[in-house]
Protein chains: 2
Amino acid sequence: MEPKRSLYRERPAAEFDIGDGDGGEMSESGSEGLAFRPLYAQVRARLVQRLISGEWTPGMMLPSEFQIAKELGVSQGTVRKALDAMTAEHLLVRRQGRGTFVAIPEESRILFKFFRLVADDGTRLFPRSEVIGRGRSRACALIRDQLKLSPKDDVWWIDRVRRLGEKPVIVERVTLPVARFETLGAMETIPNNVYALYSEHYGITIGRAAEKLKAKLASDHVATHLGCSLGDPVLQVERLALALDDTPVEHRLSTCLTEDFHYGADL
Amino acid sequence: MEPKRSLYRERPAAEFDIGDGDGGEMSESGSEGLAFRPLYAQVRARLVQRLISGEWTPGMMLPSEFQIAKELGVSQGTVRKALDAMTAEHLLVRRQGRGTFVAIPEESRILFKFFRLVADDGTRLFPRSEVIGRGRSRACALIRDQLKLSPKDDVWWIDRVRRLGEKPVIVERVTLPVARFETLGAMETIPNNVYALYSEHYGITIGRAAEKLKAKLASDHVATHLGCSLGDPVLQVERLALALDDTPVEHRLSTCLTEDFHYGADL
DNA sequence: CAGTGGTCTAGACCACTTC
DNA sequence: AAGTGGTCTAGACCACTGA
C-alpha cells in the first residue's frame with residue numbers, strides 16, 4: 001500500500017497529469033497563483049474534446065464509467081460527476097441498464113430546446129421548412145461582429161419559410177461563416193433540421209444559443225411570405241448559436257406570426 | 001459490525017423511515033408496484049418542506065451537512081446531493097468555508113432570472129415601478145383556469161408602469177388569488193419587488209415561471225401609459241409564476257416597448 | 001445471466017472563512 | 001485552530017436492460 005499522492009497540490013503545475021499515475025511532488029514552493037481546477041472538470045474537458053474532435057459521434061455508446069476511469073487513472077465516482085455534468089448540458093444521454101450515449105441533436109425535446117414556438121392550445125408541432133433563397137456575400141457589420149469575423153470574410157445566407165401545419169408562420173435568414181462550412185454552397189438541398197446537418201456534415205454541435213426578442217411590424221417581404229398584412233405585429237427573434245467550445249457558429253433572424261402561436265420561455 | 005440494512009427494499013413500504021435508524025424488514029412479499037424514490041430525493045423533499053413551512057427563512061444559515069445527515073440518519077454524501085440539487089434550483093446558496101444559506105429572492109442575478117428585458121447595448125437596468133391602480137374582483141375564466149381557482153374565488157389585481165431609466169417601458173397587470181394573500185388589500189404601498197413581498201409577508205417563494213410571448217399592437221391604454229402611438233408594435237408577455245410546490249401563485253400580463261430594449265432568452 | 005447506470009456509505013484530504 | 005463546503009476514492013448493493 002503506497003501512500004496516496006496529493007491530488008490537489010500537483011495540479012497547478014501540470015494540468016495534463018490525468019492518467020500518468022505518478023505526479024511530480026515538487027510543489028512546496030509558494031506563490032500558488034493559479035486557479036484551482038477540480039479533477040472532474042478536467043475529465044469533463046477531456047471528454048468534451050472527444051465530442052468536438054469527432055472521436056465520439058452522435059448516437060455512439062461511450063465506454064462504461066469504469067473503463068473511462070481506468071483509462072484516465074481516476075476513480076469511477078469522478079468520471080460519473082463529469083458525465084452527469086455533460087448530461088445536464090444535453091451533450092450525453094444516459095439510460096440505466098443500457099449505457100451512456102452521445103446525444104443526437106434530433107431527439108424529441110432536445111429539438112424543442114431550440115424551437116420555442118408553440119400553438120396557443122399547447123400542442124407542439126414540428127416545422128416544415130422551404131428554402132426561398134440562398135447565396136454568398138460579405139457579412140454586414142452587425143453579423144460580422146456577432147460571428148466574430150473579419151471584414152473580408154464571406155458568409156452563406158439561407159432564407160426559409162417555415163410552416164406549422166399548413167400555415168406559414170416564420171420567415172427567417174440563417175447566416176453561416178463560409179470558413180466553417182466550405183462545402184455548403186455545393187449542397188443541393190438544405191435539410192429541414194440544419195443543426196443535424198452541422199453535426200453530421202461538419203462535426204459542429206450546437207451547444208447553446210442566445211436569443212433577443214422584439215416586437216415589430218410586418219415588412220413587405222415578411223407580409224408576402226407569411227400571407228399577412230403589411231404592418232401586422234410580428235415577433236422578431238435574433239439568435240446567435242454557439243458550438244460546444246462557445247465559439248459563434250450561426251446567426252439567425254426569424255420573424256414569426258404570433259396570432260395563433262406563442263414563444264414559450266421557462267424561467 | 002451489524003449487517004447493512006437494505007436501503008432500497010424497505011422504501012416502498014415506508015416513505016417516512018428516514019431517521020428511524022431501524023427499518024422494518026417485512027418486505028419480501030411481491031407486487032412492488034410503487035415508484036422508486038431515491039433517498040436523496042426524500043431528503044430534498046424534507047428540506048424543501050422546511051423552506052415552505054417557514055422553519056428556514058431567506059438568509060438563514062442551515063446546519064452543516066454532517067448535522068443534517070446525523071439528524072436524518074443518512075450519510076453526509078446523501079445530504080450533499082440533496083443540497084446540491086436545491087442549489088441548482090436557486091433555493092440555496094452555498095459558500096465554501098462559510099456555510100449553506102437559504103437564497104434571498106433579491107440577490108443580483110437571481111432577480112434577473114425573472115426580469116429579462118435588456119437594453120440593446122447589453123446594459124441591464126433595474127426597473128422602477130409605479131402603481132397606477134389596484135383592486136379586487138372576480139377572476140376572468142382565463143386567469144381562473146391558470147391559477148386553478150373556482151368561479152367564486154376573488155383575486156387582487158395591481159396595475160403598474162415600470163421604467164428603465166426614465167422611459168416607461170412596461171405596463172402590466174399582476175393578478176393574485178385573495179385566498180393566498182388575504183391582507184394584501186390593507187397594504188398601503190406595493191414594493192418594487194413583489195417577489196420579495198410574497199416571500200417576506202406571505203412565506204411564498206416563487207420557484208419558477210412560464211412565459212408566453214406574442215407580438216401585439218399597442219392599445220389605447222398601453223399607448224397612454226408608455227407614451228407611444230396607438231398601433232405601435234409591443235411585446236406581450238404572459239407569465240404564470242409557481243411556488244416551490246409547483247402550485248400557481250401569480251398571473252402577470254406585461255406589455256413592453258421593444259424599440260430600445262429586447263427580451264433575452266438563453267437556450 | 002452479465003453488464004450497465006443509479007444510489008448510498010465511510011473516510012480521507014483540500015480550500016476557504018472566521019476567530 | 002476550528003468549522004465549513006468541495007473533491008476524491010473505494011466498495012457495496014440496487015435497478016434496469018438485453019441476450
Side-chain angles (χ1 to χ4, degrees), chain A residues 1-12 17-19 21 23 27-28 32-44 60-70 72-88 92-101, chain B residues 1-12 17-19 21 23 27-28 32-44 60-70 72-88 92-101:
Chain A
M1 174 90 59
E2 53 184 310
K4 273 218 153 33
R5 62 177 176 147
S6 165
L7 284 166
Y8 283 66
R9 280 290 166 70
E10 63 188 306
R11 203 117 9 86
D17 58 0
I18 294 182
S27 59
E28 293 309 310
E32 316 246 332
L34 281 178
F36 165 68
R37 187 122 170 277
L39 235 199
Y40 71 84
Q42 296 179 49
V43 172
R44 177 192 169 282
M60 182 180 290
M61 180 177 167
L62 270 58
S64 76
E65 297 178 347
F66 275 105
Q67 282 177 284
I68 296 174
K70 186 178 173 187
L72 298 182
V74 300
S75 81
Q76 175 255 4
T78 300
V79 171
R80 170 178 293 268
K81 201 162 181 183
L83 294 178
D84 281 348
M86 293 170 71
T87 301
L92 303 178
V93 176
R94 316 194 73 184
R95 299 204 196 287
Q96 189 173 41
R98 295 188 52 193
T100 303
F101 302 83
Chain B
M1 173 99 45
E2 53 185 309
K4 274 218 153 41
R5 61 176 175 146
S6 166
L7 283 166
Y8 283 65
R9 281 289 167 70
E10 62 188 308
R11 203 125 359 94
D17 59 359
I18 294 182
S27 58
E28 294 308 308
E32 317 246 329
L34 281 176
F36 166 67
R37 187 121 170 278
L39 236 199
Y40 72 83
Q42 297 180 48
V43 171
R44 177 192 169 281
M60 184 181 290
M61 180 178 167
L62 270 57
S64 76
E65 295 178 347
F66 275 105
Q67 283 177 284
I68 296 175
K70 188 179 172 188
L72 298 183
V74 300
S75 82
Q76 175 254 5
T78 300
V79 171
R80 171 180 293 268
K81 201 162 181 184
L83 293 178
D84 282 348
M86 293 170 71
T87 301
L92 303 177
V93 176
R94 315 193 74 183
R95 298 206 195 287
Q96 189 173 42
R98 293 189 56 194
T100 303
F101 303 83

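Predicted, not measured: the structure shown is a model, and the values here were computed from it. Per chain, numbering begins at 1; letters A, B, ... match sequence-line order.
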*Using whole Å, report how far CZ of Arg94(B) lies from P of dC16(C).*
16 Å
*State, with a plain yes or no, whether a side-chain heavy atom of Arg94(B) is found less than 4.5 Å away from one of Asp84(B).*
yes
*asked:* Tell me the interatomic distance from Phe66(A), atom CZ, to dT4(C), atom C1', rounded to whole angstroms.
replied: 10 Å
*Send over the distance from Arg95(B) CZ to dG3(D) P, rounded to a whole Å.*
22 Å
*Assign Tyr40(A) to base, sugar-phosphate, or nothing according to its heavy-atom contacts below 4.0 angstrom with the strands shown.*
sugar-phosphate
_Can you give me the closest heavy-atom contact between Val43(B) and Ala82(B), atom names plus distance?_
CG1-CB, 3.7 Å
*Do Met61(B) and Arg95(B) have side chains that get closer than 4.5 Å, going by heavy atoms?*
no
_Just the rounded figure in Å: distance from P of dG3(D) to CG of Leu62(B)._
19 Å
_Below 4.0 angstrom, which residues in residues 75-85 of chain B have at least one non-hydrogen atom near DNA chain C?_
Ser75(B), Thr78(B), Lys81(B)
*Do the side chains of Leu72(A) and Thr78(A) get nearer than 4.5 Å, heavy atoms only?*
no
*What pairs with Gln76(B) under side chain to side chain donor-acceptor pair (under 3.5 Å), at least two apart in sequence or on another chain?*
Glu65(B)
*Leu39(A) side chain, from C-beta outward: closest of dG6(D), dT9(D), dT18(C)*: dT9(D)
*To the side chain of Pro38(A), which of dT9(C), dT7(D), dT17(C) is closest?*
dT7(D)
*In whole angstrom, what separates Lys70(A)'s NZ from dG3(C)'s P?*
14 Å
*Spacing of Gln67(A) atom CD relative to dG5(C) atom C1', expressed in whole Å*: 13 Å
*Euclidean distance, atom CG of residue Leu92(A) to atom P of dG6(C) [Å, nearest integer]*: 11 Å
*Whole Å only: how far is the CG atom of Leu72(B) from the P atom of dT9(C)?*
11 Å
*asked:* Please pick, from dT18(C), dA15(C), dC16(D), the nucleotide with the shortest atom-to-atom distance to any side-chain atom of Gln96(B).
replied: dA15(C)
_Does dG5(D) have its OP1 or OP2 closer than 4.0 Å to a side-chain nitrogen or oxygen of Thr100(B)?_
yes
